[in-house]
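Since the structure comes first, as structure tokens, the remarks are kept for the end.
Each chain gets a letter, A, B and so on, in the order its sequence line appears, and its residues count up from 1.
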Amino acid sequence: MIYWNINSVLFEVAMCVMVYLNVLYLEFFPIVAEQFKGRVNLPGIFARLNNILETILRVGDAILDKTMWILIILGVVLSWMHQSSLGSLMLIAPTKLHLLWYTPILPLLFLVSAIAVGYPMVVFETTLVSSSLNLDPEMNILSP
Amino acid sequence: MELTRRNFFKFMGAATATATALPSPAGAWESKAPPDPYGCLVDITRCVGCRYCMVACPFEIPAYEYDDPITPRVMKCTFCYDIISKQGGVPGCAAICPTEAIIFGRRSDLLTVAKKRLRENPGKYIDHVYGEKETWGTSWLYISSVPFEQVSLPVLNDTPSPRLAETIQHSLFSYLWSPIALFGALGAVMYKANGGGKKPTDRPADKPGGEK
């Protein structure tokens, strides 16, 4: 049975996060494909899955190569939706919220602060990855 | 003395369905007996345990069974639903009250009674029926000789408390117009940034792992 209350802010947040998680999986798929394509070699009784997995990797990679732009934009849109809705989540309780935050632009404030945290997070993650995997720092992304 | 009794009934309070039917993402809250609502019930089979109703309720009525770690349920006064859904049924609290401090009936009748008491006892009560208009009207109505804030009844607007969030949600997301517009705008930006036509994934800079 489906019980959807589309008026609920929490419903929207939950939906966005669920869809977004799947988008993230798909965005990560090419990396998995790059690693294992043409090299799937499972041992023992799993060997019969080799051909199927190979096909999934090949076809999936080919499809995602053409459609990745959709997922990239979708990832941004979904993040915007749930990050802003996390703000409206609290507007349901005016008596429990400090008066300073009980404002219709609270979703916008949440979104702006999420964007503000997003860039440092990318810098942090890039630094972490490039130093731990001994790659050159990706200065072409960081520099203007 | 009076305070404790009122505080006890605070915990049994039932807000009107119009105000509280909104929060749960799974639509677990059901209003009963329209058009003169007697409060609302939780359909526990739909409840996903998000506890958003506990955030939403200004009277802090829904409570969680924190003592049960595996299958806790959200609990709330049922207004003796099984009893009052029968003809002439009166909920336990009103049936047992020896002084008719609590009475039960149709909301419109109770409002008349409350206003009559206020009119006939000038100076005894604060001239206000709490719950008549608060958050669009609650199913429990109170008259009191002490300020309502002293008995833990918060000062509330006449609009239902989820109204602002609902308005924002509906104006932003009706027919998903804003996500679609954002998708279009970002698509256009991406198309332009890649010199038109060229797929963004063709650029080496977009490939993670960064070959220089």
Would you mind checking which part of [X] comes under 4.5 Å of any heavy atom in chain B, side chain (CB onward), backbone (N, CA, C, O), both or neither?
| X | answer |
| --- | --- |
| A:Val77 | both |
| A:Pro30 | neither |
| A:Leu106 | neither |
| A:Leu133 | neither |

Is there a side-chain contact between [X] and [Y] (heavy atoms, below 4.5 Å)?
| X | Y | answer |
| --- | --- | --- |
| A:Pro104 | B:Leu164 | yes |
| A:Leu91 | B:Arg163 | no |
| B:Met190 | A:Ile72 | yes |
| B:Ile168 | A:Pro107 | yes |
| A:Asn7 | B:Gln169 | no |

Around B:Tyr64, counting heavy atoms of other residues, nucleotides and ligands shown, do more than 12 lie under 6.0 Å from its OH? yes
So for [X], is it side chain, backbone, both, or neither that comes closer than 4.5 Å to the heavy atoms of chain A?
| X | result |
| --- | --- |
| B:Pro179 | both |
| B:Leu186 | both |
| B:Val155 | backbone |
| B:Leu156 | side chain |

Minimum heavy-atom distance [X]-[Y], with the two atoms named:
| X | Y | result |
| --- | --- | --- |
| A:Tyr102 | B:Ser161 | OH-O, 4.5 Å |
| A:Ser88 | B:Tyr52 | O-OH, 4.3 Å |
| A:Ile73 | B:Gly187 | CD1-CA, 3.4 Å |

Given B:Phe183, which of A:Val76, A:Leu78, A:Ile70 fulfils the side-chain contact (heavy atoms from CB on, under 4.5 Å) condition? A:Ile70
For A:Lys96 and B:Val55, indicate whether the former's side chain and the latter's backbone hold a donor-acceptor pair under 3.5 Å. yes
